[in-house]
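Worksheet: the structure to be examined is printed underneath.
FYI, the numbering just counts along the sequence from 1. Only this structure's heavy atoms are used, side chains among them; waters, hydrogens and symmetry mates stay out.
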Amino acid sequence: ILLFTLPLIAGNLLQQLYNAVDGIVVGNFAANSENALSAVGTCAPVTTIFIAVAVGMSSGCSILIAQLYGARRYDEMKQAVSTALILVGSIGLVLTVVGSVVAQWFLVHVLRVPDSFLEDAVAYFSIYCFGLLFQFVYNIVAFILRAMGDSSATLYFLLVSSVTNIVLDLIFVVCFHWDVPGVAVATVIAQAVSAVISLIYMFKKYPSLRFGKGEFRFHRDKGFLALRLGVPTTLQQCIVSMGNMAVQRVINDFGITAGCTAGLRVENFVSTLPISFNVGMSTFTGQNIGAGRLDRVHRGLRATCAMGLSCCAVVGL
C-alpha cells in the first residue's frame with residue numbers, strides 16, 4: 001500500500017503546485033498583483049467543486065474496475081472502462097457548458113465578488129471552465145490506471161502538465177502581459193496536454209483496453225454500479241467544497257481575499273497525504289474484494305490507518 005501510495009502523494013503535490021502556480025505568477029508579475037491574486041483565489045472554492053465531482057465519479061468507477069480486475073473478469077472490466085470514459089467525459093462536457101454560461105452570475109450573486117477584481121475573476125473562471133472536459137478525461141484515465149495497479153504513470157502525466165503550466169504561465173503573464181486571463185489559458189492548455197498524453201499511454205500500454213468496432217459504448221448495468229459507488233463519494237467531497245465556498249463568500253465581504261488565498265494554498269498541500277492514502281486504500285480494497293481476500297482488506301485497513309495517522313501527525317506538527 002505504501003509503495004502504491006507514494007507516487008500518488010508525489011502526484012497530488014504536483015497537482016497542488018499546478019493549482020498554486022497561477023496564484024504565484026499573478027501575485028508576483030501581474031500589473032495589479034493583489035487584485036489578480038484575489039481573482040484567482042476567489043474562484044478556487046468553485047473550481048474545487050468541479051475537481052470534487054471529477055475525483056468522486058472517477059473514484060466510484062475505479063472501485064468497480066478494481067473489483068473486476070481483481071476477480072480477473074477482464075471482458076466485464078473492459079465494458080466498465082468504456083462506460084466510465086463515456087460517463088465521466090459526458091459530465092465534464094455538461095459542466096464545461098454550464099460553467100461557462102453561469103460564470104458571471106455565480107460570482108456576482110453567490111460569491112459576491114467585489115467590483116475591484118470581478119472582471120478578472122469572471123475572465124479566469126470562464127476560461128477555466130473550457131478545460132473541464134480535459135480535466136474530467138484525465139481524472140478518469142488516471143483512476144482507471146490506478147485501479148489496475150499502475151499509480152506511477154499518473155505522476156509522469158502530472159509532471160508534464162505541471163511543467164507546461166508553469167512555462168506557459170510565465171510566458172503569458174511576464175512576456176505577453178495577459179495577467180489573469182493568461183494563467184487561465186495556460187491551465188486549460190496544460191489540462192488538454194495531460195488528457196491527451198494519458199489516453200495515448202493507456203491504450204498503448206494496455207492493448208486489452210483498446211476498443212474494437214462497437215465495443216466503445218455505454219453499458220447501463222455498469223453505469224448504474226458506477227453511479228451507486230461514485231455519487232456518495234462525490235457528495236462527500238462536494239459538501240466540504242461547499243463549506244469552503246460559503247467561507248469564501250464571507251471572506252470576500254471582509255476584503256482579505258488575497259491573504260486567505262495564500263493560506264489555503266498551504267492547507268491544500270497538507271491535505272495531499274490523507275487523500276493519497278484514501279485512494280491507495282480504496283484501490284487495494286477493490287482488488288482484494290474482487291479476489292475474495294477480505295482478510296487482506298482488514299489487515300490493509302489497520303496498516304493504512306497507522307501509516308496515514310503517523311504522517312498526518314508529523315505534518316501537523
Side-chain angles (χ1 to χ4, degrees), residues 1-9 11 54-90 136-157 195 197-234 275-305 307:
I1 294 171
L2 180 62
L3 290 175
F4 182 83
T5 302
L6 285 174
L8 298 181
I9 294 173
V55 171
M57 291 307 304
S58 298
S59 179
C61 293
S62 75
I63 293 170
L64 173 62
I65 294 167
Q67 290 177 354
L68 295 171
Y69 182 78
R72 300 186 179 183
R73 292 155 59 183
Y74 298 125
D75 289 339
E76 289 186 66
M77 186 192 78
K78 191 172 183 179
Q79 294 176 1
V81 169
S82 69
T83 300
L85 287 169
I86 294 170
L87 175 64
V88 176
S90 299
F136 275 68
V137 169
Y138 161 74
N139 272 282
I140 186 56
V141 173
F143 274 86
I144 289 170
L145 294 173
R146 291 166 185 170
M148 298 172 65
D150 189 345
S151 63
S152 59
T154 55
L155 173 61
Y156 304 135
F157 305 152
I197 291 176
S198 62
L199 282 169
I200 292 173
Y201 173 87
M202 182 176 72
F203 291 129
K204 188 173 182 179
K205 179 73 179 292
Y206 300 97
S208 61
L209 296 181
R210 296 174 190 168
F211 300 106
K213 186 177 180 180
E215 289 184 332
F216 187 71
R217 63 187 182 88
F218 186 85
H219 299 266
R220 284 188 295 178
D221 58 330
K222 300 297 187 296
F224 175 77
L225 286 172
L227 286 171
R228 196 176 72 177
L229 293 166
V231 169
T233 307
T234 302
I275 291 172
S276 301
F277 274 111
N278 288 346
V279 173
M281 185 59 199
S282 67
T283 303
F284 180 85
T285 301
Q287 289 189 1
N288 280 282
I289 286 178
R293 292 296 306 274
L294 290 178
D295 58 316
R296 285 171 56 83
V297 175
H298 293 307
R299 295 205 310 273
L301 176 61
R302 290 194 295 270
T304 303
C305 284
M307 290 186 292

Answer whether the closest heavy-atom distance between the side chains of I144 and Y206 falls below 4.5 Å. no

Separation between OG1 (T154) and CG (N139), nearest 0.5 Å, reads 10.0 Å

Are any side-chain N or O atoms of S62 and backbone N or O atoms of S59, one a donor and one an acceptor, separated by less than 3.5 Å? yes

At what distance, to the nearest 0.5 angstrom, does CG of L294 lie from CD1 of I289? 6.5 Å

With sequence neighbours excluded, tell me which residues meet side-chain contact (heavy atoms from CB on, under 4.5 Å) with R220. F218

Residues at least two apart in sequence or cross-chain that pass side chain to side chain donor-acceptor pair (under 3.5 Å) with Y156, listed by chain then number, are none

Those residues at least two apart in sequence (or on a different chain) that pass ring pair (Phe, Tyr, Trp, His ring centres under 6.0 Å) with Y201 are F157

Are the side chain of S198 and the backbone of Y138 linked by a donor-acceptor contact shorter than 3.5 Å? no

Side chain to side chain, V55 and V279, heavy atoms closer than 4.5 Å: no

Mind jotting down which residue pairs meet the salt bridge (charged side-chain N to carboxylate O under 4.0 Å, His left out) criterion with at least one end in residues 57-70? Sequence neighbours excluded, please. none

Set out, in order, the CA-CA distance, both residues' side-chain angles and the distance that settles side chain to side chain contact (heavy atoms under 4.5 Å, CB included) for K205 and L145, then state yes or no. CA-CA 10 Å; K205 179 73 179 292; L145 294 173; over 6 Å; no

Is there a side-chain contact between T283 and F143, using heavy atoms and a 4.5 Å cut-off? no

My understanding is that only residues two or more places apart in sequence, or in another chain, count here; which of them pass salt bridge (Lys or Arg N to Asp or Glu O under 4.0 Å) with R73? E76

May I have all residue pairs that pass salt bridge (charged side-chain N to carboxylate O under 4.0 Å, His left out) and include part of residues 275-286, sequence neighbours excluded? none

Using side chain to side chain donor-acceptor pair (under 3.5 Å) as the criterion, list what pairs up with R210, not counting sequence neighbours. none

Can you name the side-chain contact (heavy atoms from CB on, under 4.5 Å) partners of F211, sequence neighbours left out? K78, V81, S82, L85, F203, E215, F216

Check against side chain to side chain contact (heavy atoms under 4.5 Å, CB included), I86 and S90: CA-CA 6 Å; I86 294 170; S90 299; 4.1 Å; yes

Roughly how far apart are M202 CE and L209 CG, rounded to 0.5 Å? 6.0 Å

Under 3.5 Å, side-chain donor or acceptor atoms of residues 297-305 against the rest of the protein: list the pairs with distances, not counting sequence neighbours.
| residue | atom | partner | partner atom | Å |
| --- | --- | --- | --- | --- |
| R299 | NH1 | D295 | OD2 | 3.4 |
| T304 | OG1 | G300 | O | 2.7 |

Those residues at least two apart in sequence (or on a different chain) that pass side-chain contact (heavy atoms from CB on, under 4.5 Å) with T5 are I1, I9, S276, F277

Heavy-atom pair with the smallest gap, counting every atom of L87 and C61: CD2-SG, 4.4 Å

Are any of the side-chain heavy atoms of F136 and M57 separated by less than 4.5 Å? no

Minimum heavy-atom distance between F4 and R146, given as atom pair plus value: CZ-O, 3.4 Å

Taking atom CG of L68 and atom CG of D75, what is their separation to the nearest 0.5 Å? 10.5 Å

For T83 and H219, indicate whether the former's side chain and the latter's backbone hold a donor-acceptor pair under 3.5 Å. yes

Minimum heavy-atom distance G280-L8, with the two atoms named: N-CD1, 3.8 Å

Roughly how far, to the nearest 0.5 Å, is the CD atom of Q79 from the CG atom of L64? 10.5 Å

Using the side-chain contact (heavy atoms from CB on, under 4.5 Å) criterion, which residues pair with I275? Sequence neighbours excluded. N12, S271

